[in-house]
2 protein chains.
Amino acid sequence: MTFVENVSQKLKALAHPVRLRIVMLLAKEGEDMYLNQIANKLEINRALAKIHLKKLERGNIVKSRIVLLDGEARALRYYSLGDFDIHISPELLKQEAEK
Amino acid sequence: MTFVENVSQKLKALAHPVRLRIVMLLAKEGEDMYLNQIANKLEINRALAKIHLKKLERGNIVKSRIVLLDGEARALRYYSLGDFDIHISPELLKQEAEK
DNA sequence: GATATATGTAATATTTTGATTACATGTAAT
DNA sequence: ATTACATGTAATCAAAATATTACATATATC
């Protein structure tokens, strides 16, 4: 994957208001959350939250894991933030372009 | 304009591969360029380059000015990079979310 | 006058994205 | 058995983004 492809994908993942709100929610809470928590907190449709979380995962902005509830035959999928660090300025792009 | 709206707009402007290529071209060349130069260099349709440049201008990633050619009754519209500096990480978003 | 270079934009078509609704499944508690 | 939560996804509709083609305009050069 080229630099342009990689950066485009990451930026695209973060560029949508709903997705940015999800990311900021996870950052603020500081702990992992599952789908219904996120949808309820942001007051958005659950299926919609799911769609956006998928895009965030594809962009490696968010990770998820399934957690079995203690002693119970139930599981929740928890979402957490990846360790992205996106920095873009004319100078940095110039450096990259000259590689 | 809220933080989310502002960031979304800027990221959206940079998120498209063609737009990112335009921005990297301007960064690399280090000097202003006009529409046809940009389209030729990137080997893309001129009208398409125009559309993307408009979006970059709306996101304040790129600026443009009309330059009268010396002694001639012609003018070119030159595009240059704005002074954006986008930095996004979980820590920075957490700070922002807690404001 | 024809050719090359430059601008701008309108119209159109295609593709992608975004959002809602609905259906299917399963566990736990009342 | 019903209610409350939780998951996942398919189907559909609406809206936005992307890309091409074409038209109009203007100047400079051959």
Side-chain angles (χ1 to χ4, degrees), chain A residues 4-5 7-23 25-26 31-59 61-80, chain B residues 4-5 7-23 25-26 31-59 61-80:
Chain A
V4 167
E5 286 170 344
V7 172
S8 295
Q9 190 185 43
K10 278 207 154 40
L11 293 182
K12 210 169 189 174
L14 282 168
H16 192 279
V18 168
R19 290 195 287 272
L20 191 52
R21 287 178 64 211
I22 290 174
V23 171
L25 175 61
L26 288 170
E31 59 185 33
D32 301 355
M33 298 177 77
Y34 56 87
L35 182 60
N36 275 19
Q37 284 182 313
I38 294 169
N40 288 336
K41 199 92 178 195
L42 298 182
E43 293 179 292
I44 57 177
N45 187 297
R46 186 178 59 82
L48 182 60
K50 177 72 174 181
I51 288 170
H52 285 301
L53 280 164
K54 266 188 187 162
K55 295 205 174 182
L56 286 168
E57 275 201 275
R58 277 192 228 112
I61 302 298
V62 148
K63 294 173 295 184
S64 80
R65 67 179 200 289
I66 294 174
V67 176
L68 287 168
L69 291 182
D70 211 34
E72 295 185 15
R74 281 196 305 168
L76 300 180
R77 177 180 297 278
Y78 275 94
Y79 293 90
S80 58
Chain B
V4 167
E5 286 169 344
V7 172
S8 295
Q9 189 185 44
K10 278 208 153 42
L11 293 182
K12 210 170 190 176
L14 282 167
H16 192 279
V18 169
R19 291 196 285 274
L20 191 51
R21 287 178 64 211
I22 290 174
V23 171
L25 174 62
L26 288 171
E31 59 185 31
D32 300 357
M33 299 176 78
Y34 57 85
L35 181 60
N36 276 18
Q37 286 183 312
I38 295 169
N40 289 337
K41 200 91 178 196
L42 298 182
E43 293 179 292
I44 57 175
N45 187 297
R46 186 178 58 81
L48 182 59
K50 178 71 174 182
I51 287 171
H52 285 301
L53 280 164
K54 266 189 188 163
K55 293 205 175 181
L56 286 168
E57 275 202 273
R58 276 193 228 112
I61 302 297
V62 149
K63 294 173 297 184
S64 80
R65 65 180 201 288
I66 294 172
V67 176
L68 286 166
L69 290 183
D70 211 33
E72 295 184 15
R74 283 197 304 168
L76 300 180
R77 178 182 295 277
Y78 276 94
Y79 292 90
S80 57

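Lettering of chains follows the sequences in order, A, B, ..., and the numbering in each one begins at 1. Remember, it's a predicted structure, so these values are computed and weren't measured experimentally.
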Is any side-chain N or O of [X] closer than 4.0 Å to OP1 or OP2 of [N]?
{"X": "B/Arg19", "N": "D/dT18", "answer": "yes"}
{"X": "A/Arg77", "N": "D/dG8", "answer": "yes"}
{"X": "B/His16", "N": "D/dA17", "answer": "no"}
{"X": "A/Lys12", "N": "C/dT17", "answer": "yes"}
{"X": "B/Tyr34", "N": "C/dA6", "answer": "yes"}
{"X": "A/Lys54", "N": "D/dT9", "answer": "yes"}

Separation of [N] [atom2] from [X] [atom1] (nearest whole Å):
{"X": "A/Arg65", "N": "D/dT7", "atom1": "CZ", "atom2": "P", "answer": "13 Å"}
{"X": "A/Tyr78", "N": "D/dC5", "atom1": "OH", "atom2": "C1'", "answer": "13 Å"}
{"X": "B/Asn45", "N": "D/dA22", "atom1": "CG", "atom2": "C1'", "answer": "11 Å"}
{"X": "A/Arg74", "N": "C/dA28", "atom1": "CZ", "atom2": "P", "answer": "6 Å"}
{"X": "A/Glu43", "N": "C/dT20", "atom1": "CD", "atom2": "C1'", "answer": "17 Å"}
{"X": "A/Leu68", "N": "C/dT27", "atom1": "CG", "atom2": "P", "answer": "12 Å"}
{"X": "A/Asn36", "N": "D/dA4", "atom1": "CG", "atom2": "C1'", "answer": "11 Å"}
{"X": "A/Leu69", "N": "D/dC5", "atom1": "CG", "atom2": "P", "answer": "15 Å"}

Given [options], which nucleotide is nearest the side-chain atoms of [X]?
{"X": "A/Leu48", "options": "D/dG8, C/dT20, D/dT18", "value": "C/dT20"}
{"X": "B/His52", "options": "C/dG18, C/dT27, D/dA19", "value": "D/dA19"}
{"X": "A/Ala73", "options": "D/dA28, C/dT27, C/dT7", "value": "C/dT27"}
{"X": "A/Ala47", "options": "D/dT9, C/dT17, C/dT9", "value": "D/dT9"}
{"X": "B/Lys55", "options": "D/dT18, D/dG8, C/dT17", "value": "D/dT18"}

Check your understanding: Starting at the 5' end of DNA chain D and moving along, which residue's nearest nucleotide shows up first, B/Gly71 or A/Asn40?
Key ->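 Per heavy-atom nearest nucleotide, the more 5' residue is A/Asn40.
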Point to revise | Most 5' of B/Gln37 and A/Ile51 on DNA chain C, judged by nearest nucleotide | key: B/Gln37
Taking all non-hydrogen atoms of both residues into account, name the closest pair between [X] and [Y] and its distance.
{"X": "B/Leu35", "Y": "B/Lys50", "result": "CD1-N, 3.7 Å"}
{"X": "B/Val18", "Y": "B/His52", "result": "CG1-CD2, 3.4 Å"}
{"X": "A/Ser64", "Y": "A/Arg77", "result": "OG-NH1, 3.0 Å"}

Check your understanding: Contact class for B/Ile44 vs. all strands (heavy atom < 4.0 Å): base, sugar-phosphate, or nothing?
Key -> nothing
Review point. Could you state the interatomic distance from CD1 (B/Ile51) to CG (B/Asn45), rounded to the nearest 0.5 Å?
Key: 8.0 Å
Point to revise | No-H, no-angle donor-acceptor pair, B/Arg46 side chain to C/dT7 base, under 3.5 Å | key: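 Such a pair is found, so the answer is yes.
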Review point. If only atom types and distance count, is the side chain of B/Arg58 paired as donor or acceptor with the main-chain N or O of B/Ala13 below 3.5 Å?
Key: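 A pair under 3.5 Å: no.
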Point to revise | Main-chain N/O of B/Asn36 paired to B/Arg46 side chain as donor or acceptor, under 3.5 Å | key: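 Side chain of B/Arg46 to backbone of B/Asn36: no pair is present.
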Point to revise | Assigned partner base of D/dT20, Watson-Crick or wobble definition, under 3.5 Å | key: C/dA11
